[in-house]
Protein chains: 2
Amino acid sequence: MAEPKNGTPTIGDVAKLAGVSRAVASRALSSEKRPVSADKRERVLEAAEQLGFRPNLLAQSLTTKTVNLVAVVVNHIHDLSDLDLFDLLLERIQSIGKQVILIRVGSVERVEEFLRQGVAYHVDAALVFSDFADAATVRRLFRSDLVVMLNGRHDELSPAVIPDEAVGINQAVADAASKGVRTAGLVTGRASSLVEAARVEHYRQAFAARGIELVRVVQGDYSYESGHEAAATITGWDSPDAVFCTSDAMAMGILDVCRADFPHNRPQKFRLYGFDNLSLTDFDAYPIASIGYDKAAYVEHVLRFLVEPAAFEPGQEPVRVPTRFVPRLTA
Amino acid sequence: MAEPKNGTPTIGDVAKLAGVSRAVASRALSSEKRPVSADKRERVLEAAEQLGFRPNLLAQSLTTKTVNLVAVVVNHIHDLSDLDLFDLLLERIQSIGKQVILIRVGSVERVEEFLRQGVAYHVDAALVFSDFADAATVRRLFRSDLVVMLNGRHDELSPAVIPDEAVGINQAVADAASKGVRTAGLVTGRASSLVEAARVEHYRQAFAARGIELVRVVQGDYSYESGHEAAATITGWDSPDAVFCTSDAMAMGILDVCRADFPHNRPQKFRLYGFDNLSLTDFDAYPIASIGYDKAAYVEHVLRFLVEPAAFEPGQEPVRVPTRFVPRLTA
DNA sequence: CTGTTAGCGCATTCAC
DNA sequence: GTGAATGCGCTAACAG
């Protein structure tokens, strides 16, 4: 009886049943072409099948020094507002034989607690969407040199991929200017975020360049609800010619409050521009002109760092994925 | 120099620096109260701090036999249409000291390939949203006896949590009947899913019980687009009095096509009922009456199986979370 | 080509 | 209280 005692068969059990050494069994089971005689390989595979053997990836990792695990770090799941992007990312990561461990850091207040506990697997790589920490902290936390910063908080030692927002913002503002817009309102997200600060600055510069006067700024938090609230302040009888939002969700909130100003979804009192190009903006009810980027290209850039870590050289500039203006009815 | 050679310090390095044995270091670093003299514990902690020591969870798991990893299995990320639920689930799982490894199985066609490769970590538990496999297969795949089936494909050996859909469906149909609805249309999802089959059957029974005639059935795939397509078939001059959809997204598609039939979002030619109670139905543009359940309660039930696996006895009935009708304008 | 051996990093006996 | 020794499951390096 080659059955293991405690239930889950190890490679040792397989080897015993096949009548070979553990090393041979290991080679036969390996995906790479290791030298094993045909008949022994056959016997091993059969034994493994019979026993229902599944390699213990943890033990495997202990010796190979590669865990095939990548951490994806977010503040909240809602950061993944773009599920299309995330789905693609997950599929591609799995396609190169790695698994994703999803880490939710929570609110910024709890970050310190998170860092102190520091219970984190030593992963091959970490993809950081969350703005909770800088690159150095993340590298320490995960014991990984390969930390791809997607939050704008990169440094010389870690690669980064960031949307080049200036392009799309300029296109959107140019679109507005070409339609005679002279005054604008801006609805922003949290001021604390580096990405957001840069985004706002791009809008300001684009306005200045096109001779558009920024007459009002309201701070929201990217959410639909905050768009709802902002509507009261930023629109009304003295609406600016156009309202730009740094998230589609806020634009949706504003649209819902001011739908009367958009008969047949076309702007009457002011034009409305969002940001993110959410798939929701393809729904009839929210035909919001937006700014987006090629998600497939973005994902491939991230993936390249995972597949070819050596391709990154310290000090290398962040990879920039161009954004573009996506016209829709509200513009 | 107590510094390790290759960079990442092990508990051995900590022990050496503190001038104690590895065993003592292990105890001092343990969260449980193990016998260590005060001064040595102090020295160990200081040494660990100084070296920036992070325990290797993989190696730890190898001996403790508990990896603190739970797999969440989905077909596509879009299965997580309810991000509120997922966010809560993730937070609670992490709060009990476990991490989530998110596994995307992909389309049903690719399932077999996935099973053959069988590259899966041996996890403490797996939560299966995907309908790709039955409980037995999942147990084998993850080498875990604790597989919580959330897809309706449970068996005697695995615990399950499932929404009790009959309750909410009956309430919704009762609501329609009370408003004089005599004929109904039904827009369904994929016929292959067990959950969907049961759902449809509940609608049929509720219709029969209330004397409502089911005059039309259209099959979609839960998506907004399929709702769009279904609209042509199920509505028109001979609309049924009410259209029930087995997902909110499909109801949204129908609403957008037939918005003229809902002046001020109130039904004129037919009433519209969705399913899932997506947070989107709280947006002004999609005030769709729906059927939902208490997400917090659902998550706590799932969590209980993770925390107290022993509480489950083979043959135990699935835990049922009651659903309820959520009235909104379209009804 | 094959089998033996020696770790990977850690927790855990079991003597002291 | 403490530390030396053992083993978790696996693969890499070595010697046949």
Side-chain angles (χ1 to χ4, degrees), chain A residues 4-44 47-48 51-69 119-124 143, chain B residues 4-44 47-48 51-69 118-124 142-143:
Chain A
K5 10 255 144 229
N6 58 2
T8 90
T10 73
I11 201 171
D13 298 315
V14 174
K16 202 184 302 173
L17 180 58
V20 300
S21 74
R22 281 174 22 222
V24 169
S26 173
R27 288 178 204 129
L29 261 11
S30 166
S31 57
E32 300 167 42
K33 299 275 174 251
R34 297 297 183 70
V36 191
S37 70
D39 64 327
K40 292 202 172 178
R41 151 168 291 127
E42 192 62 29
R43 295 217 309 273
V44 169
L51 260 38
F53 169 74
R54 300 273 172 194
N56 184 333
L57 266 40
L58 260 56
Q60 195 169 322
S61 301
L62 204 51
T63 70
T64 60
K65 293 295 184 187
T66 159
V67 291
N68 283 334
L69 232 37
V119 280
Y121 273 85
H122 296 186
V123 296
D124 288 342
R143 279 273 170 271
Chain B
K5 9 257 143 228
N6 58 3
T8 89
T10 73
I11 201 170
D13 298 314
V14 174
K16 202 183 303 173
L17 180 58
V20 300
S21 74
R22 281 171 27 218
V24 169
S26 171
R27 290 179 203 125
L29 260 11
S30 166
S31 57
E32 300 167 40
K33 299 275 174 249
R34 296 298 181 70
V36 191
S37 68
D39 64 328
K40 294 202 173 180
R41 149 168 291 127
E42 191 63 29
R43 296 217 309 273
V44 169
L51 292 177
F53 169 75
R54 301 272 174 193
N56 184 332
L57 266 40
L58 260 57
Q60 197 167 321
S61 301
L62 204 53
T63 69
T64 61
K65 293 294 185 187
T66 159
V67 291
N68 283 333
L69 230 39
V119 281
Y121 275 85
H122 296 185
V123 296
D124 289 342
F142 294 106
R143 278 275 169 272

In this structure, how many angstroms lie between the [atom2] atom of [N] and the [atom1] atom of [X], rounded?
X: N68(A); N: dC10(D); atom1: CG; atom2: P; result: 15 Å
X: L62(B); N: dC10(C); atom1: CG; atom2: P; result: 12 Å
X: Y121(A); N: dC10(C); atom1: OH; atom2: C1'; result: 13 Å
X: L29(A); N: dC10(D); atom1: CG; atom2: C1'; result: 11 Å
X: K16(A); N: dC10(D); atom1: NZ; atom2: P; result: 13 Å
X: R54(B); N: dG9(C); atom1: CZ; atom2: C1'; result: 17 Å
X: L57(A); N: dC8(D); atom1: CG; atom2: P; result: 19 Å
X: D13(B); N: dG9(C); atom1: CG; atom2: P; result: 9 Å

Q) Between V20(A) and K40(A), what is the shortest heavy-atom contact and its length? A)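 Residues V20(A) and K40(A), closest heavy atoms: CG1-CD, 3.8 Å.
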Heavy-atom pair of closest approach, residues Q60(A) and P55(A)
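Of all heavy-atom pairs spanning Q60(A) and P55(A), the closest is OE1-CB, 3.8 Å.
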What pairs with [X] under side chain to side chain contact (heavy atoms under 4.5 Å, CB included), at least two apart in sequence or on another chain?
X: L62(B); answer: N56(A), A59(A), L62(A)
X: T66(B); answer: T64(B), N68(B), D124(B)
X: A47(B); answer: V14(B), L17(B), A18(B)
X: R27(A); answer: A23(A), V24(A), R34(A), V36(A)

Open item on the list: Check whether S61(B) reaches the backbone of L57(B) with its side chain - one donor and one acceptor, N or O, closer than 3.5 Å.
Closed with: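 Present.
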Task: Nucleotide nearest P35(A) when distance is taken to its side chain, options dG3(C), dC1(C), dG9(D) - done: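 Nearest to the side-chain atoms of P35(A), counting from C-beta on, is dC1(C).
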Considering only dA4(D), dA12(D), dA11(C), which nucleotide approaches the side chain of T64(A) most closely?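 Nucleotide nearest to T64(A)'s side chain: dA12(D).
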What distance do [X] atom [atom1] and [Y] atom [atom2] have between them, rounded to the nearest 0.5 Å?
X: R43(B); Y: S37(B); atom1: CZ; atom2: OG; answer: 7.5 Å
X: R22(B); Y: D13(B); atom1: CZ; atom2: CG; answer: 10.5 Å
X: K16(A); Y: T10(A); atom1: NZ; atom2: OG1; answer: 7.5 Å

Can you find a side chain N or O atom of [X] that sits less than 4.0 Å from OP1 or OP2 on [N]?
X: K65(A); N: dG9(C); result: yes
X: Q60(A); N: dT11(D); result: yes
X: T63(B); N: dA11(C); result: no
X: S26(A); N: dT11(D); result: yes

Taking the axis from the first five pairs and the axis from the last five, what angle separates them in the helix from dC1(C)-dG16(D) to dC16(C)-dG1(D), rounded to 10 degrees?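 Terminal axis comparison yields 40°.
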Taking side chain as C-beta onward, heavy atoms only, is V44(A) less than 4.5 Å from F53(A)?
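When only atoms from C-beta onward are counted, F53(A) and V44(A) do not touch, as no gap falls below 4.5 Å.
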Answer whether the closest heavy-atom distance between the side chains of F142(B) and L69(B) falls below 4.5 Å.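 A side-chain contact under 4.5 Å is absent here.
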Exercise. Strictly below 4.0 Å, heavy-atom distances to any atom of DNA chain D: list the hits from residues 36-44 of chain B, or just say none.
Key: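 The stretch gives V36(B), S37(B), K40(B) as the residues lying under 4.0 Å from the strand, ordered by number.
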Interface polar pairs with nucleotides 13-16 of chain D, N/O, under 3.5 angstrom:
unit_1	atom_1	unit_2	atom_2	d
dA13(D)	N6	R27(A)	NH2	3.2

- For G19(B) and for I11(A), find the nucleotide of DNA chain D with the closest heavy atom, then tell me which residue's nucleotide is more 5'.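 Per heavy-atom nearest nucleotide, the more 5' residue is G19(B).
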### Query
Less than 3.5 Å between a donor and an acceptor, one on the side chain of R22(A) and one on the base of dT4(C), is that the case here?
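It does not, because no donor-acceptor pair links the side chain of R22(A) to the base of dT4(C) below 3.5 Å.
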Find which nucleotide of DNA chain C each of V24(B) and A59(B) is nearest to by heavy atoms, and output the residue with the more 5' nucleotide.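 Residue closer to the 5' terminus by nearest nucleotide: A59(B).
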